[in-house]
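Below: the structure, in structure tokens.
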Amino acid sequence: MTAATHAQFPDRYAAIVIGGGAGIGAATARLLAARGVQVTVVDRDVAAAEDVAGEIRTAGGDAHSAHADVTDEPALRGVFAAAVGRNQTVHAVINSAGIQGPLGRRSHDVEIDEFERTLAINLTPGLTIARVAIPHFLERGYGRIVHVASIAGKEGNPNMIGYSASKAGLIGLVKSQGKEYSQDGITVNAVAPAVIRTPFLDSQPQEVVDYMLQKIPMGRTGTLTEVAEMLAFIASPAASFTTGFTFDLSGGRATY
Ligand SMILES: NC(=O)c1ccc[n+]([C@@H]2O[C@H](COP(=O)([O-])OP(=O)(O)OC[C@H]3O[C@@H](n4cnc5c(N)ncnc54)[C@H](O)[C@@H]3O)[C@@H](O)[C@H]2O)c1
């Protein structure tokens, strides 16, 4: 059976995809552009972002690339300003930037600074992005923010303390922020994928991958298309009665 397409977008709908240079972010940028969305692909690896944007343009889509680290508020403001300068109204921000942080060690062997660095990249941008995007959205009475959290944030993977804590924090942040803007036409949500086949996964130790796979009732990894479809839907006008929520993408591992 071929997958049906769901998310529909009006003309001149614009989205910023942070961490769009690879993996889940790149797949989402491609899918949104294929649905007619004007996409800005943002990454700290600007060459990767430009590759994705160039590929989208070659396929007939509307895409620009931008260099920004998700922790850099002035740079993110610059990305917004550039989109507005192109006469775009930014409707949605998808944040897929993330790092694994310290792996394979229990908490007593993890340094405070490597833990804090993981929070700085995976969690604090939930606030930074809100500070940049929400004033823009409030002016228009419409906006979508979607973060890529993780099943690790719901369930807590051992020996990934920075990652699990940062993603749990992001899930909590989304709950709070979603409620704050619930009267303003703005939704703030997240997705919590289990194992998805990407370069990120390929860089994980095999025992970590095996641990995660054996917990998935469907017994397989998720696909980039499955994640991108859900992100595109949450970023679309159709996802209008859900905020503060973390959508599951775990093949049955988390049924909450
Ligand atoms: N792949 C999985 O199995 C999986 C599962 C659950 C959650 N996630 C989450 O999904 C998100 C994307 O993961 P992926 O598998 O696509 O990873 P990936 O490594 O393939 O892509 C991540 C992209 O984000 C960019 N990035 C990293 N740090 C950044 C920063 N500080 N500022 C700007 N850009 C930055 C990277 O350059 C890269 O282009 C991450 O937040 C990850 O935690 C992934």
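All values below were derived from every heavy atom in this structure, side-chain atoms included, with hydrogens, water molecules and symmetry-related copies excluded. Here, residue 1 is the first one in the sequence, and each next residue gets the next number. Just follow the structure's listing: the first ligand is 1, and inside any ligand the first atom is 1. The shown structure was predicted, so the numbers you read here are calculated from the model rather than taken from an experiment.
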CG-CD distance between D11 and Q38, expressed to the nearest 0.5 angstrom: 9.0 Å
Short N-O contact, E180 and K175, less than 4.0 angstrom: no
Cation-pi check, K154 onto Y256 ring (under 6.0 Å, within 45° of axis): yes
Atom of A192, atom of T246 and distance for their closest heavy-atom approach: CB-CG2, 3.5 Å
Cluster overlap V93 with V148, hydrophobic side-chain contacts below 4.5 Å: no
Atom-level proximity to ligand 1, residues with heavy atom under 4.0 Å: G19, G21, A22, G23, I24, D43, R44, A68, D69, V70, S96, A97, G98, I121, V148, A149, S150, Y163, K167, P193, A194, V195, I196, T198, P199, F200
Whether Y13 and H91 hold their rings parallel, tilted or perpendicular, with breakpoints at 30° and 60°: parallel
